[in-house]
Amino acid sequence: QRFRFCGDLDCPDWVLAEISVLARISSVKLKLLCAQVLRELLGEPIDYEKILKLTSDAKLESGDVKATIAVLDFILSSAAKHSVDGESLCSELQQLGLPKEHATGLCRSYEEKQSSLQDSLRAGSLRLSRLAAVSWRVDYALSSSELQEVGEPLVHLLFRVQRREHGVPEAIPMAVSAEKFRVLLAELKQAQALMKTLL
Amino acid sequence: MLLVLSEEQRAHLGCLPRVGAAGVAELGRLAVELLRRGAAPRACEAAARKLDAGADSVQRGVEGLMYLLVESSKLMISETDFEDSLHVLEFSDELNKLLLQLYLDNRKEIRSILSELAPKLPSYHSLEWRLDVQLASRSLRQQIKPAVTIKLHLNQNEELTSQVLQTDPSTLLHLIQQLEQALGEMKTNHCRRIARNMK
């Protein structure tokens, strides 16, 4: 059977197995657990102590606690990945054997954070490089060894490009004459107009 | 298969009869520790003081033992071959038995250490991808050109490297087809026969 939150594929066996473990936790504690996992997915550090406290009632072994976090992580991020709405997720989880109360609580937490989750996933998508900063300066050449009165403006551009996730951005300097700069600006404005039609 | 010991190695191992059974056991333990963790000059000095022998001869004795153990484990020589190889050293029966036991006890571990020394090719770590569509460029507007950008993360000697690849969807489909064919090879009779024989 195919599930939307698994990307229209079969549900992985390990997820199926862990859902039965989720049923052992009370639905109230499950909702709080979801909140913790969602915080971690949104970039905050995970509070393992809190999670241990929430799962202590169900008397889970340490391996089971980690598996619980893993399965919640999978369900929530996978549902966000495939843009599954709360109701569909709720019914699919119930089909997999999660009790109704647990599923409803989980999906309510999911719905609250769905758009933030998707924003965070969008920001983390593969990107080869990123423009970190642009700085410029306009100079006016008065004179040179070749010609006494030059009288020409020159634009100095400095692009800072972030190629890897961490580390210092790469600095790319260039000097552009007035003519070339006019062409550059015109082309970039055309590209910007095209981008506006897509937004 | 017999182990051939050079004159130098025979000289190194020559110190063993002088330190007695307990001493040989101690030097053997030291040799295995050195194989596990690497050089430890202070341990050799400590052993030399404990056994009341010169630090140099203890060092050479341990190195000789290390060579003996590594070569025997590498070639996986039988007990009789091991004993025959030791004949040239003219050790007492008791010492020979001790060395044989040392070899047999540590053979498996030494072999697993040796297996990690083989050069490794970069191995797959993870994959990130994105699907883009080029709509326009400076030279041509109104385009539809889909492209898949892939960032392949590889693990080489505990170092993560990455490769960026880009392809169009039809090449990607061809790539997928080739990889599925490769996987399918595992199910042919030829591969199955070899896999069965290796067990």
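By convention in this document, chain letters (A, B, ...) are assigned in the order of the sequence lines, proteins followed by strands, and residues within each chain are numbered from 1.
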Asker: I'd like to know whether CZ of B:R107 has more than 12 heavy-atom contacts from other residues, nucleotides or ligands below 6.0 angstrom.
Answerer: yes
Asker: Are A:Q190 and B:R141 close enough that a side-chain donor and a side-chain acceptor fall under 3.5 Å?
Answerer: yes
Asker: Which atoms of B:T149 come close to chain A, meaning under 4.5 Å heavy atom to heavy atom: side chain ones, backbone ones, both, or neither?
Answerer: both
Asker: Taking CD in B:E90 as the centre, count heavy atoms belonging to other residues, nucleotides or ligands within less than 6.0 Å. Is the count above 12?
Answerer: no
Asker: Supply the atom-to-atom distance B:Q166 CD to A:L128 CG, rounded to the nearest 0.5 angstrom.
Answerer: 7.5 Å
Asker: Is the NE2 atom of B:H174 crowded by more than 12 outside heavy atoms at less than 6.0 Å?
Answerer: no
Asker: Nearest 0.5 angstrom please: B:D132 CG to A:L126 CG, how far?
Answerer: 8.5 Å
Asker: Tell me, yes or no, whether the heavy-atom count around B:L179 atom CG, taken from other residues, nucleotides or ligands under 6.0 Å, exceeds 12.
Answerer: yes
